[in-house]
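Take a look at the structure below.
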Amino acid sequence: MSQVYSWLNYDKMEWLEWQWVNGGKLWSCCSTHCEENNVLLTLLSDRWRGDRVIRYGCEGLDVPEDNRPFLLEIKGVSIEDRYHDSVDITDLFEAARDRPCVACDGDGGDRARALSEEAFTLKTQWHRYVINMDRKQFIDRERTAVCGIYRDGVHRDDLFTVLVTPWGRRDLVGGERTESWFGEVLAVSSDRPGGGYTDLSDIRRHGSVPTDLDDDEIMAYMGKGVPDCEAELWRELAAGRLPTHSPKVLDLP
């Protein structure tokens, strides 16, 4: 599960490069601070709204064996050819300006390509809820388990990136509660989905710490607005000193 993954819009035949800060590795991109995740969710809010988006690994495409309509549709289709025939739209984002995934005209070598006319015009947005419209399931990205505390804040599990792969859910705590989200329609929202939707926010990675505290409460509980020593704070969190359920009124230092 460590191979490099890219996001492919199967319907529009557009894709995002993998060379972001986290390098496109499956388990390195499972944090809410992952730049690539927030770029993808920004696309789902507008340009890619309603499209079927898959994560394509460099070792090839392995898919679940079931009868969902999308899998029947792509049977016999070369996803690899479709991927290579698609258009790289990574350079649309302002955040990609300094990324190695965008080689500007000039000294780019084998990776040199002309930038689009819309290059660097899109700003990355934050979206709290990721919703699987087909299965009526969602994840609240501000209430998932904490995987780390760093100088830029609280990092939480961002596991929609794993659920969309064929088998990744099997390595998650609670992942057996759902089937793969591979090839299904995802949406984003700032509002919690209504009745009839199942909350999967408690699914987590091994080693991540579940808590009902929000990010500001966690930072206040740790006693500093900006941590000076990530390792020390993380050991305190992992040791269980952070309450797993917050009272209505917190007596914070």
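Val188 and Val185 are not part of a single hydrophobic cluster, where members link through side-chain heavy atoms under 4.5 Å apart. No path of Ile, Leu, Val, Met, Phe, Trp and Tyr side chains, each step under 4.5 Å between heavy atoms, connects Ile79 with Leu72, placing them in separate hydrophobic clusters. Under the 4.5 Å side-chain heavy-atom criterion for Ile, Leu, Val, Met, Phe, Trp and Tyr, Phe160 and Phe138 are members of distinct hydrophobic clusters. Both Val77 and Phe182 are assigned to one and the same hydrophobic cluster, defined by single-linkage of ILVMFWY side chains at heavy-atom distances under 4.5 Å. Hydrophobic clustering (side-chain heavy atoms under 4.5 Å, transitive across Ile, Leu, Val, Met, Phe, Trp, Tyr) groups Val39 together with Leu26.
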* Asked: Taking it one step at a time, do Arg128 and Ser189 satisfy side-chain contact (heavy atoms from CB on, under 4.5 Å)?
  -> CA-CA 6 Å; Arg128 177 168 179 172; Ser189 176; over 6 Å; no
* Report the C-alpha distance between Asp51 and Leu43 in whole Å, list the side-chain angles of each, state the deciding distance to 0.1 Å, and finish with yes or no for side-chain contact (heavy atoms from CB on, under 4.5 Å). => CA-CA 10 Å; Asp51 294 335; Leu43 287 172; over 6 Å; no
* To do: Step by step, work out the side-chain contact (heavy atoms from CB on, under 4.5 Å) result for Leu122 and Thr42.
  => CA-CA 9 Å; Leu122 295 182; Thr42 300; 5.7 Å; no
* Go through the steps for Asp214 and Glu142 under the test side-chain contact (heavy atoms from CB on, under 4.5 Å), then give the verdict. => CA-CA 7 Å; Asp214 64 29; Glu142 296 182 10; over 6 Å; no
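In plain terms, the two heavy atoms of Ala96 and Asp91 that are nearest each other are CB-CA, 4.5 Å. The two residues Tyr129 and Ser190 make their nearest non-hydrogen contact at CE1-O, 3.6 Å. Looking at every heavy atom in both residues, Met13 comes nearest to Asp85 through CE-CB, 3.8 Å. What you find for Lys12 and Asn9 is that their closest heavy atoms are N-OD1, 2.8 Å. Residue Asn37 comes nearest to Cys29 through the heavy atom pair ND2-O, 2.7 Å, listed as atom of the first residue, atom of the second, then distance.
Side chain to side chain, Asp157 and Ser208 meet the donor-acceptor criterion of an N or O pair below 3.5 Å. Trp7 and Glu14 share no donor-acceptor pair across their side chains, judged by distance under 3.5 Å alone. A donor and an acceptor atom, one from each side chain of Thr165 and Tyr5, are nowhere located under 3.5 Å apart.
In this structure the side chain of Asp158 never reaches within 4.5 angstrom of the side chain of Cys34, judged on heavy atoms. Thr124 places none of its side-chain heavy atoms less than 4.5 Å from the side chain of Glu35. By the 4.5 Å heavy-atom criterion applied to side chains, Trp48 and Leu186 are not counted as neighbours. Here the side chains of Glu118 and Ile89 are not in contact, with every heavy-atom distance at 4.5 Å or above. Looking only at side-chain heavy atoms (C-beta outward), Ser6 and Arg55 stay at 4.5 Å or farther from each other. For the pair Asn132/Leu163, no side-chain contact is recorded, criterion being any heavy-atom separation below 4.5 Å from C-beta on.
Distance check: Gln137 CD to Ile131 CD1 gives 12.0 Å after rounding to the nearest 0.5 Å. Interatomic distance, CZ of Arg156 versus CD1 of Ile149, reported as 9.5 Å (0.5 Å rounding). Atom CZ of Arg169 sits about 6.0 Å away from atom OG of Ser180, to the nearest 0.5 Å. Rounding to the nearest 0.5 Å gives a distance of 8.5 Å between CG of Leu41 and CH2 of Trp126. Rounding to the nearest 0.5 Å gives a distance of 6.5 Å between CZ of Phe93 and CG of Leu16. We find the CG-CG distance between Leu40 and Leu44 to be 5.0 Å, quoted to the nearest 0.5 Å.
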For residues 191-199, run the donor-acceptor check on the side chains, cut-off 3.5 Å, and write out each pair with its distance to 0.1 Å, sequence neighbours left out.
unit_1 : atom_1 : unit_2 : atom_2 : d
Asp199 : OD1    : Ser201 : N      : 2.8
Asp199 : OD1    : Ser201 : OG     : 2.5

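A donor-acceptor pair under 3.5 Å is absent between the side-chain atoms of Thr32 and the main chain of His155, judged by distance alone. A distance-only check finds a donor-acceptor pair linking the side chain of Arg49 to the backbone of Ser45 [under 3.5 Å]. Although no hydrogens or angles enter the test, the distance criterion places no donor-acceptor pair under 3.5 Å between the side chain of Thr161 and the main chain of Cys30. One N or O on the side chain of Arg141 and one on the backbone of His127 form a donor-acceptor pair closer than 3.5 Å.
Comment: Glu184 engages Arg135 in a salt bridge, judged by a side-chain N to carboxylate O separation of less than 4.0 angstrom. A salt bridge does not link Asp212 with Arg143: every distance from a Lys NZ or Arg NE/NH1/NH2 to an Asp or Glu carboxylate oxygen is 4.0 Å or more. The pair Arg177-Asp202 counts as a salt bridge, with a side-chain nitrogen and a carboxylate oxygen less than 4.0 angstrom apart. Salt bridge present: Glu73 and Arg52 bring a charged side-chain N and a carboxylate O closer than 4.0 Å.
The one candidate from Thr144, Asp140, Leu172, Ile139 that meets the side chain to side chain contact (heavy atoms under 4.5 Å, CB included) condition with Leu200 is Ile139.
Both the sub-6.0 Å distance and the 45° axial angle are not jointly satisfied by Arg82 relative to the ring of Trp15.
Under a 4.5 Å side-chain heavy-atom criterion applied to ILVMFWY residues, the cluster that includes Val173 comprises that residue alone.
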